[in-house]
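The structure appears below as structure tokens.
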Amino acid sequence: MKRLLLAAPLLASALMLCACQREAKDGITEISGKMFVFNYRIATATYMLTLARKAPLPENGSVETEYENPAGGAPIVEVSKIYPFWEKIVLESPPVHCVVKDKRYGVKIRILDADHKLLQSLETTVVSDIDQTILPAKPLVVGPAYTKNPDLQKPDGTTDYSPETGCPA
């Protein structure tokens, strides 16, 4: 009976440690922010997501992000290296086109170790509160000194700020 009383706390401790390890494995990161970023100066829109670290990140790990393409077609896939000392991971897509207000766009995130073994998988949606039609079709400025883009000038001297065309309905 004494052995059973002594073994019970050890067994409970071992179970708690196993549960903690399982929780850390399943939850290395959590999504802490998500939005579309519209940069009117260079006429681009991008997805931006942040992940907060909840457990140690793998050495030589990476994150593979698959963004739904607002213009239609194949998803946009980006692979980024991650570092164990990072407290947060910032994911930004290349420029996207045809973002529509209040539409949900899917994003899939995979945390991989050095051998590309899946450690965590996350899925979410990102919603914009504005349409991409607020952006001009061409950048307002060019070059490092923010020189006014000469392509925006019409032959009659007015400036063409029209939005991008050709987006799916």
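- Between Y40 and L140, the closest side-chain pair of non-hydrogen atoms falls below 4.5 Å.
- With sequence neighbours excluded, the residues satisfying salt bridge (charged side-chain N to carboxylate O under 4.0 Å, His left out) with E64 are R110.
- Hydrophobic clustering of Ile, Leu, Val, Met, Phe, Trp and Tyr side chains at less than 4.5 Å, counting indirect connections, keeps I134 apart from M48.
- In this structure T159 satisfies the side chain to side chain donor-acceptor pair (under 3.5 Å) test together with Q153, sequence neighbours excluded.
- The neighbour count for K34 NZ, taken as heavy atoms of other residues, nucleotides or ligands under 6.0 Å away, is above 12.
- Residue pairs meeting the side chain to side chain donor-acceptor pair (under 3.5 Å) criterion with at least one partner in residues 128-140, sequence neighbours excluded, do not occur; the list is empty.
- Among residues two or more places apart in sequence or in another chain, the side chain to side chain donor-acceptor pair (under 3.5 Å) test is passed with R41 by none.
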Considering only distance and modelled atom types, tabulate donor-acceptor pairs under 3.5 Å from the side chains of residues 73-92, sequence neighbours left out.
unit_1, atom_1, unit_2, atom_2, d
K81, NZ, N60, OD1, 3.3
E87, OE2, R53, NH2, 2.6
E92, OE2, T46, OG1, 2.9

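- Across V107, I111, T29, T65, a single residue satisfies side-chain contact (heavy atoms from CB on, under 4.5 Å) together with L122, and that is T29.
- Going from atom OG of S121 over to atom CG of L112 covers 9.5 Å, rounded to the nearest 0.5 Å.
- Between the side chain of D115 and the backbone N or O of K117 there is no donor-acceptor pair closer than 3.5 Å.
- Residue pairs meeting the ring pair (Phe, Tyr, Trp, His ring centres under 6.0 Å) criterion with at least one member in residues 49-81, sequence neighbours excluded: Y47-Y67.
- The ring pair (Phe, Tyr, Trp, His ring centres under 6.0 Å) contacts involving residues 93-143 comprise F36-Y105, where partners must be two or more places apart or lie in separate chains.
- For the residue pair P168 and P70, the shortest heavy atom distance occurs at CG-O, 4.2 Å.
- Here the CD-CZ distance, from E68 to R104, works out to 11.5 Å after rounding to the nearest 0.5 Å.
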Between side-chain atoms of residues 143-150 and protein atoms elsewhere (two or more places apart, or another chain), which donor-acceptor pairs fall under 3.5 Å?
unit_1, atom_1, unit_2, atom_2, d
N149, OD1, D151, N, 2.9
N149, ND2, P139, O, 2.7

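- Judged as a disulfide (SG to SG under 2.5 Å), not a single pair has a partner in residues 126-155 (not counting sequence neighbours).
- At least one side-chain heavy atom of I109 sits under 4.5 Å from a side-chain heavy atom of L51.
- Sorted by first and then second residue, the disulfide (SG to SG under 2.5 Å) pairs with a member in residues 56-169 read C98-C167; sequence neighbours excluded.
- Once rounded to the nearest 0.5 Å, the distance linking CD1 of I130 with CG of L135 reads 7.0 Å.
- Linking Ile, Leu, Val, Met, Phe, Trp and Tyr residues whenever their side-chain heavy atoms come within less than 4.5 Å places I31 and L119 in a single cluster.
- For the salt bridge (charged side-chain N to carboxylate O under 4.0 Å, His left out) condition, no pair includes a residue of residues 152-169, sequence neighbours left out.
- Under the side chain to side chain donor-acceptor pair (under 3.5 Å) criterion, T50 pairs with S32, sequence neighbours left out.
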